[in-house]
Amino acid sequence: MMNIELQCCALFILSVVSAMFLCNKKLDLMNRSLYVKALVICFFCLIFDIGSVASIYLSVYHGLNETVTKLICKLYVMILVAQGYMSFNYAATGIMSRNKGSKILQGVYLCIFFAGEIAMAVLPIDFFMEGREVYSEGPSTSVAYLLAGIYTLSTIGIALACRKQISVRRFLSVFLWQAIWLLAAVIQFLIPGLLLIGFASAFGMVVLYIQLENPSEFIDNETGAFNAGALSLYVKDRYRYERRFAFFTAKINYITDNVDLAMERNTVVRTVKGMSELGPEAVFRISDKMFGILYDDAERMQECMKFLKKRKDAVTDVPAKATYMLIPDSDKLSGPDEFFRFLHAYENEQQEITVADEETLQRMRNQNAVRDMIDLALKEDRVEVFYQPIYNAAKKKFTAAEALVRIRRKGGGIVPPAEFIPVAEENGQIIPLGIRVFEKVCRLLAEGTVQDLGVECIDVNVSAAQFDNENPSKFVLEYVRKYHVDPQQINIEITETAVNKNKKLLLSNMDQLIDKGISFSLDDFGTGQSNLDYFVDMPVVNIKFDHTFTQAYFKNSKVKHILAGMADIMHNMDMKIVSEGVETEEQLKAMLAINIEFIQGFHFSKPVPEDEFIRFLKENNRD
Ligand code: C2E
Ligand code: CA
Ligand code: CA
């Protein structure tokens with residue numbers, strides 16, 4: 001009886017894994033092609049394993065020519081080593097980062113491999129058979145065992161050394177796979193009748209398949225497209241092996257609120273179908289409503305994207321519009337991180353097509369740099385509040401001040417809000433930033449110093465974006481309570497943009513705060529299209545004339561009449577006016593002449609840090 005049951009069993013297992021692997025659609029990942037090679041070699045190895053046992057049997061019992069048997073045995077050990085090398089290569093490429101050191105290491109192993117193969121080819125080999133004990137022996141076989149041992153131990157060693165850089169899962173599977181192989185080799189060495197090595201190899205391929213190479217894990221169930229995990233893996237792979245690519249995404253944006261689940265599902269499935277029909281390239285589902293295709297060259301991507309857009313534009317039965325993102329050249333982005341940052345940053349862009357060109361990428365990089373700066377400043381408490389005194393014409397002293405945010409650079413310099421407020425408004429950092437400013441203002445008021453020096457109220461700016469995400473009245477009241485601040489001492493400045501955004505929400509927030517005693521001003525009046533209804537039904541006590549409006553008063557006689565007329569109207573409505581941007585004595589006089597109640601501007605003081613503000617009050621607010 002030939003000792004080949006285990007090998008036949010292994011052959012069967014390997015066939016099943018190969019069939020499963022081949023049936024599923026896959027991405028052309030570099031590492032995956034190494035897996036295919038390992039699979040093929042494992043196959044040959046098993047065949048020659050069986051072949052060598054069979055030929056030894058035939059030589060011993062049926063007089064087969066010994067030279068033929070030795071040749072087959074030699075081929076077997078040579079393929080066995082090739083398999084060890086392939087396994088090492090597969091594991092090492094998946095694990096090690098691609099640097100010069102790892103390339104040299106892989107080169108060394110390749111040399112060892114060739115040297116070993118030549119040695120095995122020229123060195124003599126022998127075989128032995130007695131009952132179920134059957135094996136090849138001699139110098140050639142010893143070289144095979146030595147090399148197989150080196151590859152296995154090296155693979156385990158690399159997995160251990162790089163375990164911090166790789167996922168636990170990859171580590172465990174590579175470790176398990178090699179440990180099984182090593183264990184089998186040891187057992188086979190001790191019990192020569194138990195031919196385990198072939199079986200262990202096949203079993204290892206199963207472990208790898210289940211853990212690392214199972215393609216169905218990367219398929220989106222609903223549409224059959226590749227999922228976001230697959231995209232992440234694929235994009236990393238393309239960057240890693242410097243395989244330049246182009247990419248485009250299409251996103252569904254419903255233009256009505258009543259979209260039911262069935263329609264949503266249908267649209268998603270139709271989109272994937274439409275995209276699959278563009279060509280053989282894989283379609284990815286990146287998020288619920290966003291899909292993408294990766295191409296080898298930009299021209300083809302442009303063509304397909306245009307074709308898809310044309311088809312989409314012809315669809316009239318779905319209440320949705322599509323937006324597209326185009327990445328014509330992956331090399332323009334620094335790597336997978338920036339690739340996904342781009343997708344994330346422009347995912348909700350309103351314009352129909354966003355292209356990852358130099359300008360857009362530069363803007364994104366700037367925004368990221370600013371975002372990081374804000375984050376760090378918040379963490380390291382370098383967000384400061386400057387105060388600009390506001391002159392009260394009736395009382396002839398400074399009874400108010402506007403709180404203006406600044407970021408202190410590590411070196412001591414100051415970043416003006418124009419450089420970071422727009423970014424913060426866009427990415428939501430305005431929420432923590434606004435809270436920090438408000439807390440600092442409350443702290444100042446809690447000390448009571450500025451009130452003793454004549455200040456009745458501090459103006460705080462609140463952005464439109466702060467009304468969007470969070471209920472602003474919540475944090476305002478929280479800090480007012482925490483620091484025992486008199487709400488009458490706080491005035492909140494809002495702009496038209498806030499009014500435009502969500503008037504109902506804004507009004508309800510304002511009402512809550514007004515109830516508690518906080519007052520409001522309408523900021524930046526005279527910029528944009530200052531519609532009258534912005535303040536007609538707004539419960540604001542002050543209107544702030546923007547500095548461009550104030551300045552225009554002195555340059556343009558028509559504006560002079562408009563501003564004076566506006567001032568009259570507002571006074572008749574019992575509102576008070578703050579003129580911003582008053583820079584000269586002459587401008588001050590002119591504003592006082594038309595009965596503007598409050599004056600703010602460089603003429604009195606620019607915005608200054610807290611201690612300077614207190615000094616200013618001490619000098620200028622003497623009775
Ligand atoms: P804003 O609310 O209109 O603030 C007045 C701006 O005018 C301030 O600029 C101030 O320095 C400047 N200014 C004051 N007097 C004069 C003058 O005589 N001539 C001229 N040309 N300009 C004058 P700043 O401090 O750079 O702030 C810019 C904008 O940033 C603010 O405009 C406001 O919209 C925003 N901002 C500042 N702090 C905050 C904050 O804490 N939260 C929010 N959401 N926005 C803030
Ligand atoms: Ca303001
Ligand atoms: Ca203003």
Side-chain angles (χ1 to χ4, degrees), residues 370 374 377-378 383-391 398 400-408 414-442 444 457-470 472 475-476 479 490-498 501 506 519-528 530 534 540 542-555 577-588 590-591 596 598-610 612-613 616:
V370 171
I374 299 175
L378 279 169
V383 173
E384 289 187 20
V385 179
F386 277 30
Y387 295 89
Q388 185 174 34
I390 298 174
Y391 182 72
F398 298 87
E402 178 171 2
L404 293 153
V405 68
R406 300 286 184 269
I407 284 183
R408 175 80 62 187
I414 289 289
V415 189
E419 278 180 36
F420 59 88
I421 291 283
V423 175
E425 285 179 339
E426 183 108 347
N427 70 16
Q429 284 175 313
I430 192 69
I431 305 286
L433 210 55
I435 291 178
R436 185 66 61 88
V437 169
F438 195 74
E439 178 168 20
K440 294 209 163 169
V441 170
C442 285
L444 177 73
C457 180
I458 300 274
D459 287 13
V460 186
N461 293 285
V462 173
S463 294
Q466 285 170 271
F467 287 96
D468 242 20
N469 304 313
E470 196 164 325
F475 81 80
V476 168
Y479 284 103
I490 287 175
N491 180 281
I492 292 179
E493 296 189 2
I494 52 164
T495 61
E496 285 173 19
T497 347
K501 259 212 154 138
L506 173 69
S519 61
F520 283 85
S521 300
L522 187 67
D523 202 1
D524 296 348
F525 187 84
T527 59
S530 311
Y534 285 128
V540 291
N542 298 326
I543 303 286
K544 294 191 80 173
F545 283 2
D546 187 71
H547 63 86
T548 50
F549 194 35
T550 310
Q551 303 282 329
Y553 179 89
F554 300 99
K555 291 185 194 130
I577 297 166
V578 184
S579 270
E580 292 188 295
V582 173
E583 296 180 353
T584 64
E585 180 74 32
E586 185 204 347
Q587 291 172 354
L588 169 68
M591 288 296 126
I596 302 292
F598 298 99
I599 312 288
Q600 182 182 352
F602 295 165
H603 174 63
F604 290 117
S605 167
K606 57 184 185 2
V608 290
E610 201 176 296
E612 234 174 281
F613 173 53
F616 177 93

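Start at 1 and go down the list; that is how both ligands and their atoms are numbered. Below, each value reflects all heavy atoms present in this structure, side chains not excepted, and no hydrogens, waters or symmetry copies.
Residues that satisfy the side chain to side chain contact (heavy atoms under 4.5 Å, CB included) test with Cys457, not counting sequence neighbours, are Asp459, Asn491. The side chain to side chain contact (heavy atoms under 4.5 Å, CB included) search around Gln551 returns Lys555, Glu583, Gln587, not counting sequence neighbours.
Distances under 3.0 Å from the Ca ion (ligand 2) pick out the protein N/O/S atoms Glu402 OE2, Asn461 OD1, Glu493 OE1, Asp523 OD2.
The distance between the ring centers of Phe545 and Tyr553 does not fall below 6.0 angstrom.
A salt bridge links Glu402 with Lys544: the closest approach of a Lys/Arg side-chain nitrogen to an acidic carboxylate oxygen falls below 4.0 angstrom.
The aromatic rings of Phe613 and Tyr387 lie parallel to each other, their planes meeting at an angle below 30°, with 60° marking the opposite boundary.
A side-chain contact (heavy atoms from CB on, under 4.5 Å) with Ser579 is found for exactly one of Thr550, Ile543, Asp546, namely Thr550.
Taking 4.5 Å as the limit, every side-chain heavy atom of Tyr479 sits out of range of all side-chain heavy atoms of Val441. Side chains of Pro607 and Arg406 form a contact here, defined as non-hydrogen atoms less than 4.5 Å apart.
Within 4.0 Å of ligand 1, heavy atoms belong to protein residues Gln388, Glu402, Leu404, Val405, Arg406, Pro417, Ile421, Ile430, Val437, Asn461, Ser463, Gln466, Asp523, Asp524, His547, Glu580, Gly581, Val582, Glu583, Gly601, Phe602, Pro607.
Taken from CG in Leu522 to CD1 in Ile494, the straight-line distance is 6.0 Å, to the nearest 0.5 Å.
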